[in-house]
Amino acid sequence: MLRPTVQEANGSWRLIRGFRNSSYRRMHPARPAATITTASGQIGSDRTLHPWENRVLSPAECSFLQTIPDTFQWGDSMDKYGHTPVRQMIGEAVPPRFTTLHGQVLAALALGKDLPDTLSQQDSRCLKAHAKLG
């Protein structure tokens with residue numbers, strides 16, 4: 001894929017500088033995906049390039065990463081409105097898996113029950129967060 005360029009005031013062209021950590025990069029196939037946004041169909045959005053193909057992620061792939069169930073019925077949205085509004089819906093969505101887990105924790109807290117099996121307080125990420133927070 002060609003790298004993006006910009007035209008200088010004097011008419012010369014140069015490669016875009018900056019954004020070394022995220023933009024214009026491929027997703028890593030073995031790492032968590034970046035947040036799926038409404039701009040998922042555009043190159044330059046945070047790591048939206050397919051891991052090995054020269055393209056952005058498809059709406060179906062974005063939907064999968066957002067944990068929208070395969071059984072969700074999109075109807076004729078793609079045919080009727082195109083991929084952009086569908087990508088916007090996916091990007092604006094709160095991931096259903098997160099909503100389910102969050103709701104289970106809140107319900108358990110409200111009912112005074114043991115918390116469902118969630119991230120362990122001994123997980124290295126939790127310990128690191130506690131250390132940073134003091």
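Below, all heavy atoms of this structure are taken into account, side chains as well, without hydrogens, waters or symmetry copies.
- A donor-acceptor contact shorter than 3.5 Å links the side chain of Gln73 to the backbone of Thr71.
- Looking only at distances, a side-chain donor or acceptor of Thr37 sits under 3.5 Å from a matching main-chain atom of Ala39.
- Across every non-hydrogen atom of Pro59 and His83, the tightest pair is CG-CB, 4.0 Å.
- Of all the heavy atoms in Thr38 and Gln88, the pair that sits closest is CG2-O, 3.6 Å.
- In this structure, Gln104 and Leu101 have side chains that are in contact, with non-hydrogen atoms separated by less than 4.5 Å.
- For the atom pair CE of Met89 and OG1 of Thr84, the computed distance is 10.5 Å after rounding to the nearest 0.5 Å.
- In this structure, the separation between OG1 on Thr35 and CD on Gln66 is 8.0 Å, given to the nearest 0.5 Å.
- The closest side-chain heavy-atom distance from Val56 to Gln42 is not below 4.5 Å.
- Proximity of a side-chain donor or acceptor of Thr100 to a complementary backbone N or O of Pro96 within less than 3.5 Å is detected.
- Between Ser40 and Arg87 the shortest heavy-atom distance is OG-NH1, 3.1 Å.
- Shown here is His50, whose NE2 atom has more than 12 heavy atoms of other residues, nucleotides or ligands within 6.0 Å.
- Pro51 is listed as a side-chain neighbour of Met27, based on a closest heavy-atom distance under 4.5 Å.
- Under the 4.5 Å side-chain contact rule for hydrophobic residues, Val86 and Phe72 share a cluster.
- Side-chain contact between Phe64 and Leu57: absent, with no pair of heavy atoms (C-beta onward) separated by less than 4.5 Å.
- Cluster membership for Trp74 and Met78, using ILVMFWY side-chain heavy atoms within less than 4.5 angstrom, is shared.
- With rounding to the nearest 0.5 Å, the separation of CD1 in Ile90 from CD1 in Ile68 is 5.0 Å.
- Minimum heavy-atom separation, Arg26 to Trp52: NH1-C, 3.9 Å.
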